[in-house]
Every structure is written in structure tokens, then in C-alpha cells.
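First comes the structure, then the notes that go with it.
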2 protein chains.
Amino acid sequence: MPNNQFKKGELYSFVTGKASTAIARRLQKKFNSAGLNLTIEQWSVLYHLWKKEGISQQELCNATFRDKPSITRLVDNLERLDLVKRVASENDRRINLIYLTRQAQKLQEQSMELAEETLNEALETVPADKVDVCKEVLQIVYDNLK
Amino acid sequence: MPNNQFKKGELYSFVTGKASTAIARRLQKKFNSAGLNLTIEQWSVLYHLWKKEGISQQELCNATFRDKPSITRLVDNLERLDLVKRVASENDRRINLIYLTRQAQKLQEQSMELAEETLNEALETVPADKVDVCKEVLQIVYDNLK
DNA sequence: TTTACTTAGTTGCACAAACAACTATATGCC
DNA sequence: GGCATATAGTTGTTTGTGCAACTAAGTAAA
């Protein structure tokens, strides 16, 4: 009976991701208060583009763990907000390379600060070594299921 | 600098809840394969009703960490699937008490087994004491932000 | 080079979430 | 009793997700 230490109440939280839901909601509120007209999902796409832009939608799918239609629509909305641009690849005309606009570049610093602030609030009073264990477990869970 | 052990890449996973997304997706696939015509969100409502039925929609909001419109529509859909029934409270006519149908009672055992199975797959190779730490940290995060 | 297959992206549909605005009922205070 | 306020639930709108079906473009093999 491997790892069957889940009494009923605990099972629920794991499946529904109450903790990450709470984090995302708190961060969304911070975005709204700061006047950033940006959803968490849109931010998560920009997040990867800030690390490396000019990647394809398929690469964004892999990076953000979303399917292709989800990325199509997130890029649609980001394009409407004038935060990214689709540029057809010259080598392979099936591919859209996604680039940041200047406006999106300006959002990076502020939004990342709010994200770090949110995590600090979330992890207040949690000792660093326990945070490390938690990160490690969540990574394994992801690797086991992806 | 409290808990600022978040390098960029790790920040992302925490905010987006990649692990819990992976768990929910895996469980949804198991539901589908088993012919259970049920979303994870619907299951999460039934989950609380299996523990105690005849509670109000507001109590379901608190239990499932959702807002009132979300619960209204989940109950709408569960009612359409003939899994729950709204019964007006006699004491307070604003309140709907939610009861399970016989059909919903029959779903409990099978779906809970699939949920436990999913968690066992997720936590395969993770030592029990690390799982405990992880659960503890996620609970604190939730309490810090809710 | 024509046919089959694969890959990148889009569209349609059903379901869900968050917010604001709304209705109906209950409660508390004068 | 009558008015203000609070609570329970619903509805409308925008955004996002997952699946299936689709188009366009590239690849490989006969």
C-alpha cells in the first residue's frame, strides 16, 4: 500500500490544489490593485517570453503545460492587449514565433516583484528547509504524471 | 529577506500549480476511461456532500473554496445530471439544501478509489515523511492567504 | 512527383472561474 | 409595523481549459 497516508480530507486538497489557487488569486488581486490589466494565465505566458522570446506557440505549450488551443487563445488575447506579436517563421511557415512588444517589456519588473511578494506572504512562517522539501515533492509529482 | 529562496523557475510552478493541475488532469482521464460522466469540479462538490449532505450552497462555497456563482452553476449542472437535488429550507426560504440522489451515492466508492489511485501514482517514490512536510506547507500557505 | 504521414496552429463546443449587478428573504432597530 | 441592512442565491459578461475536428505546411517514401 504505497503512500496510502491520505485520509479523506487531505486527498481533497491535493487534487483541487487549494494552495496554488489561493496563491494565484492573491497575485491576481495584486495585479488588479496595481492597475495591471493582466490575468495570471497571460502573465504565465509572458513569464516564459521574458526568459526567451521568439519561441513558437508549441514551445509555449510545453513551457506552460497547456494544450495548443489554450495557447492560441492566450496569444490572441495578449496580441489584442498589444503585449506580443506573432511573426511567421521564415524557415517553416507553419510556425508563429512570438515576440514581446515594448509595452510587455515594461511589465516584467513590476509583475515579478508582485509575484515574489505574493510567495513571501504565502510562505511566511514556513522554514526554508520545509519549503525545499515541498518544492521537491511537487516536482516529483509533476514528473510522475506529466 | 524572508523565504526568498525562489529562483525564477521555481516561482513559476508555485504560482501556476503545475503539480495539482497534473493530478486533476490524470484523475479526469481516469473518470473518462471508467465511463464516469463527471468533471473534477463536480466531483469536488459531491466529495463534500458524501461527507454530509443537506448543506446549503453557501456551505459548499466555504468547503470548496469557490464563490457563489461558481457553486450555483456547479449545482445546476449536477442537477441536470440528476446527481443532486435542491430542497428549499423550511426555516429560511433563502436557503437551498443540497441532497444527493441515489445515483450520486453509487458514484462514491468508484470515484474515491480512482482518486486514491491517482494520488498513489503521483506520490510514487516519494517517502512518506516528505509527503507529510509537503502537506503541512501547503496547509500553511492556504491559511496564510485564504 | 504523387501519396501518406506528421506537425503547427485554429475553430467549435461544453464546462468552469471571477467579478459585478441583481432578486428575494431574513434580521435588527426605531 | 416599517425601514435599513445583511445574507442566500441567480444571472450576465469576460476569460480560460480540454477535447475533437479541422486547415496549412513540411517530410518521407513509393
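Residue numbers begin at 1 in each chain, while the letters A, B, ... track the order of the sequences.
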Out of C:dG9, D:dG9, C:dA16, whichever nucleotide has its closest atom nearest the side chain of B:Gln42: C:dA16
Could you tell me the separation between the CZ atom of B:Phe31 and the P atom of D:dC19, rounded to a whole number of Å? 14 Å
Side chain of B:Lys68: nearest nucleotide among D:dT10, C:dT7, D:dG16? D:dT10
Students often get this wrong, so: under 4.0 angstrom with heavy atoms, is B:Gln28 touching a base, only sugar-phosphate, or nothing? nothing
Remember a base hit wins even if backbone is also touched, and classify A:Ile71 as base, sugar-phosphate or nothing at under 4.0 Å, heavy atoms. nothing
In whole angstrom, give the distance that lies between atom CG of A:Asn37 and atom P of D:dT14. 14 Å
Contact under 4.0 Å: A:Thr72 side-chain N or O vs C:dT11 OP1/OP2: no
With B:Ile98 as partner, the option from B:Leu49, B:Leu46, B:Val87 fulfilling side chain to side chain contact (heavy atoms under 4.5 Å, CB included) is B:Leu49
Of C:dC19, D:dG16, C:dT25, the nucleotide closest to the side chain of A:Glu41 is D:dG16
Report yes or no: do A:Gln58 and A:Asn62 form a side-chain donor-acceptor pair below 3.5 Å? yes
Whole-Å distance separating the CZ atom of B:Phe65 from the C1' atom of C:dA18: 12 Å
Decide yes or no, distance alone: a donor-acceptor N/O pair under 3.5 angstrom between the base of D:dG18 and the side-chain of B:Arg26. no
Kindly write out the residues that satisfy salt bridge (charged side-chain N to carboxylate O under 4.0 Å, His left out) with A:Glu117, not counting sequence neighbours, or none if the list is empty. A:Lys30
Tell me whether the side-chain N/O atoms of A:Gln57 come closer than 4.0 Å to OP1 or OP2 in C:dT7. no
Between A:Arg66 and A:Ser44, do the side chains contain an N or O donor and an N or O acceptor separated by less than 3.5 Å? yes
B:Asp92 vs B:Thr39, nearer the 5' end of DNA chain C by closest nucleotide: B:Thr39
For B:Asn62 and D:dT7, what is the distance between atoms CG and C1' respectively, to the nearest whole Å? 12 Å
Relative to each other, are the rings of B:Tyr12 and A:His48 parallel, tilted or perpendicular (30° and 60° limits)? perpendicular
Result for 5'-nearest mapping on DNA chain D, choosing between B:Glu59 and B:Asn32, is B:Glu59
So does B:Arg93 reach the base of C:dT25 with its side chain, donor to acceptor, closer than 3.5 Å? no
Mapping B:Asn77 and B:Pro69 to their closest nucleotides on DNA chain C, which lands nearer the 5' end? B:Asn77
Out of D:dG16, D:dC19, C:dA18, which nucleotide sits closest to the side chain of A:Arg25? C:dA18
Under 3.5 Å donor-acceptor pair, A:Arg66 side-chain atoms to C:dG9 base atoms: no
How close or far is atom P of C:dA18 from atom CD1 of A:Ile40, stated in whole angstroms? 11 Å
Figure out the NZ/P separation between B:Lys29 and D:dT17, and round it to whole Å. 15 Å
Phosphate-side-chain proximity, A:Asn96 and C:dT10, N/O vs OP1/OP2 below 4.0 Å: yes
Nearest whole angstrom, please: distance from the P of D:dA8 to the CZ of B:Arg94. 6 Å
Here the distance between atom C1' of C:dT11 and atom CZ of A:Arg73, to the nearest Å, is 6 Å
When you measure only distances, ignoring hydrogens and angles, does the side chain of B:Arg86 come within 3.5 Å of the base of D:dG9 through a donor and an acceptor? no
Geometric class of the A:Phe65/A:Tyr142 ring pair [parallel <30°, tilted 30-60°, perpendicular >60°]: perpendicular
What does B:Asp67 touch in the nucleic acid at a heavy-atom separation under 4.0 angstrom: a base, only the sugar-phosphate, or nothing? base
